[in-house]
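In what follows, every chain begins at residue 1, and chains take the letters A, B, ... in the order their sequences are listed. Fair warning: this is a prediction, and the values are worked out from it, not measured in the lab.
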Amino acid sequence: MDKTYQPSAIEQSWYQQWEQQGYFKPYQPSLTGNGYSIMIPPPNVTGSLHMGHAFQHTIQDALTRYKRMQGHKALWQVGTDHAGIATQMVVERKLAAEGQPDRHALGREAFLDKVWEWKEQSGGTITSQMRRLGNSVDWDTERFTMDDGFYKAVQEVFIRLHKDGLIYRGKRLVNWDPKLHTAISDLEVENKDSKGHMWHLRYPLADGETTGEGKDYIVVATTRPETMLGDTGVAVNANDPRYQALIGKDIILPLVGRRIPIVADEHADMEKGTGAVKVTPAHDFNDYEVGKRAGLPMINIFTMNADVRDVAQVFNSDGSVNDDIDGTLPEAYRGLERFAARKAIVADLDSLGLLDAIKDHDLTVPYGDRGGVVIEPMLTDQWYVDAKTLAKPAIEAVENGDIQFVPKSYENMYFSWMRDIQDWCISRQLWWGHRIPAWYDNAGNVYVAHDEAEVRAQNNLADDVELRQDNDVLDTWFSSALWTFGTLGWPNLDDPEVAKRMADFHPTDVLVTGFDIIFFWVARMIMMTMHFCKDDAGKPQVPFKTVYVTGLIRDEVGQKMSKSKGNVLDPLDMIDGISLDALLEKRTGNMMQPQLAEKIGKRTKKEFPDGITPHGTDALRFTLAAMASTGRDINWDMKRLEGYRNFCNKLWNASRYVMLSVAGEEAVEAAAANGTNIAITDAMKAACGITADGQSDAVVLSLADRWIISRLQRVESEVTRHFEQYRFDLAAQALYEFIWNEYCDWYLELSKPVLWDANAPEQAKRGTRGTLVRVLEATLRLAHPIMPFITESIWQQVKALAGKEHSADSIMLAPYPVAQDALIDTEAEADITWLQGVITAVRNIRAEMNIAPSKELELLFKNGDDDDFRRAEENQTFLMKLAKLEKLTWLNDGDDEPMSVTQLVGDMEVLIPMAGFIDKDAEVARLTKSIEKLEKELERVNNKLNNPGFTEKAPAAVLEKENDKAKGYERDMVKLKEQIEKIKAL
RNA sequence: AGGACUAUAGCUCAGUUGGUUAGAGCGCUACCUUGACAUGGUAGAGGUCACCAGUUCGAAUCUGGUUAGUCCUACCA
């Protein structure tokens, strides 16, 4: 074993071995428990993993390893997502950057070939990252959402939903991304606040009508004046006295000259604006509804680029084509881009005297989250899922606890969205994705089936009837909504293999994901799964029993990590380290906004002047686990990572000490020099109390041995409890505390007096060596789910010494520790607490009196009780060694007491004789300070005890505790005061 | 506009059904290369638990309000 922990030296090779041995498979002989499954949230196949992934993967892997060690058939299902828009955009950009023909020049098929090429080329990034993170996923069943098998599930779902009437096609207003030329769902729209204007426009009344005030026009207010070209009405409130008389009259639409009606509609709010609303059903969601209610036609004035058309498309309110209205648009605006058209139209209205006012106005503007341009509500034919129907059982499943969110507060978020859910637009005008299994004939009939042949067969269509498949693909989230069961082989339930997997792994146990995709993904998975998966009794199956919602990983100042901010951290750079130059290149190279490069470079140089040093996977994972308090965002802290890397080193070195103690320096150093494991001999095993035939040899356990074994039981049950409650932070903390503050700081030190004492009996040495090894071995298993590599690496060394040679070939498959109450030794714990108290008291005196740590001291005990006496007797060796004493004396009443410095340990006084060295004033000051502290505490406690309300109402246990405290403080004060008197008397 | 979450040491965070002298890591101070580890050891300093009121014998913890921050949903003629 090397002197320091070198993560890079071992991590990869262990992962390879695990994978080759098939240890990640859920079906293997040693796993006899029930199925346990986690489906990975599939990352974008062409992307790479960021810290958020590393975080979620740590949790998923920890859970999987934990359950696997408990003997469950643990499946962590792995896979990637095709990520429609994102991937298509990446490839288009790449083609452009390489000067290749764009997708329209290439054509659909050739373009898709390019996408597949890109997927093949970049798809390995994620899987190799996952291997580096130590993820114990079942690679054998890896899925990609565009795989044939998965496409089958997608198709099947679409067809069945269509048959059930839960998918329909319609001409509706959708969120249209004019840059990407596709519809997107409500969720993909990002609303951003912006400062804009409100234009008040005068709309002249037809037929010489006038308003109540005698004006021959109505003023409408709008934030989007350009849409007036598509106005088909003006709405007023039926109760509005200003306009009541005008309902049913007409307006001559300026610039266009179209005659449009004034209608009554509740949407018009008398209090808002001018009380009159222009109605543009084809370009505004509210107007669309008004138009439907009032039967107003819908006039689409924009092209798919959101430029003004030459001739508008006119539809009736039911979506049918309207030939009566002339769609011709004024020549002046044709071909103008939206915002140019706005300028022109406002200017023209102004010059016509029709611009009543312009007011500043704060509004929120919808942007496409991918394309980044303003969304245009656009009238198009799209496919929709009837979400309301599907949502009903999905809401119930959370209400009745079949699905639980951790933390629970996210349930409210889920409910509020689900109870007001809108139909889901699932068609996308993209090429990369699952093509919609629908065909059209020339008469416009729609047929939904698996393929063209099936369409013909089912509908008795002759071969010469021309059919063409829908050009659109499905929203990526439509396919990922099927993830939990699609990955298991659904719908091929006739395949016994699939049926078995469904039975073993569905519903899955827990979904680990971010709150940002609860609507996008979690909710839709619940809806789809419950519609398609039923248990034997026909009851809808939930996709998962628990949703563990993680927070976001932010940078050290709480900013979201993003490429444009240049604060992204690659988990692999945490693991392997990276030079400043390479990091700069990573952050500033190949940017979409090169102008930011300088700022990012500066920031990076300041933050990482020397790049990043390697920390290893285990340290990264431990850090992520330690910071995983539920539902909270995490501000990433390199210092924390460093601290936990040191922790790994601590564990490594503790193990090194154990091996040195058992195997001897020669064997350890030789193995380190050769880079091999230490060859474990029978003699070494015997030294730990294991005889050649595997039987235990006679051992005697010291107090320290019994103590650490007892503490081990406690940390075992603690860590287990925390895993069960998804408190990875607490689990990590418990491990840290035990390993560092108990095992290393105390137990290893306490083992030295035994092992280094030439006179100590061999049974005692065996007992201590055996305990060193066994406690370490169990601790490694306990920590393995969080830190897989270092634990495996050490475990392979110690398992034989701990008598676990044949328990498993890998720690991965070794049983998870179970606490044994019988091994809890409260007496030993109390004794060690006492011992620690005495040792700390001596060290404290040393520090305060500036006594060199190397100087051996004389120690006197005074006023101890029987327990103190016994403990002092029994633990002389420990005391002498750890407190560095030369002499230990028990003072009886009446014994001569040399001038000393004192500390209290319980009721007992610990004295260090300091004749001639005591700085009187300093010592008095020190003691006075202690007394003052006690006085304050005593006052607090006495206030409580003198309060009748407290003494009458507080539980007896609390009362007793306070009483004890008070007595203790008083006693201590008396002793300290005596001491002061003695010093003063010098 | 509605809702959620957060506010604890210089920094990053714990604090489990109200009863602790409010904890950890990092950082800081002093001392120490003692035969696992300087990625270390020992001993320390450091907090009016955002603010105000209330409930209670007792509040970091429960209730209401205020302030600040983060986020979500909705609306915006």
Look through every strand shown and name the nucleotide pairing with B:rC51 as Watson-Crick or G-U wobble, where both distances are under 3.5 Å.
B:rG65
Whom does B:rC28 pair with, Watson-Crick or G-U wobble, provided both distances fall under 3.5 Å?
B:rG44
Name the nucleic acid region contacted by A:Lys933, choosing base, sugar-phosphate or nothing; use a 4.0 angstrom heavy-atom cut-off, strictly under.
nothing
Nearest atoms (heavy-atom pairs only) where A:Pro853 meets A:Lys884:
O-CD, 3.6 Å
If you measure from CG on A:Asp618 to CH2 on A:Trp652, what distance do you get to the nearest 0.5 Å?
10.5 Å
Relative to A:Tyr743, does A:Lys650 satisfy both conditions: NZ or CZ under 6.0 angstrom from the six-membered ring centre, and within 45 degrees of the ring's axis?
no
How is A:Glu749 classified with respect to the nucleic acid when contacts are heavy atoms under 4.0 Å: base, sugar-phosphate, or nothing?
base
With a non-hydrogen cut-off below 4.0 angstrom, is A:Arg419 in contact with a base, only sugar-phosphate, or nothing?
nothing
Quick one: label A:His267 by what it contacts on the DNA or RNA (base, sugar-phosphate, nothing), any heavy atom closer than 4.0 Å.
base
Answer yes or no for this row: A:Trp756 ring on B:rG35 base, centroids under 5.5 Å, planes under 30°.
yes
Indicate the atoms forming the closest heavy-atom contact of A:Leu173 with A:Phe285, along with that distance.
O-CE2, 3.5 Å
Within the structure shown, what part of the strands sits under 4.0 Å from A:Thr223 by heavy-atom distance: base, sugar-phosphate, or nothing?
sugar-phosphate
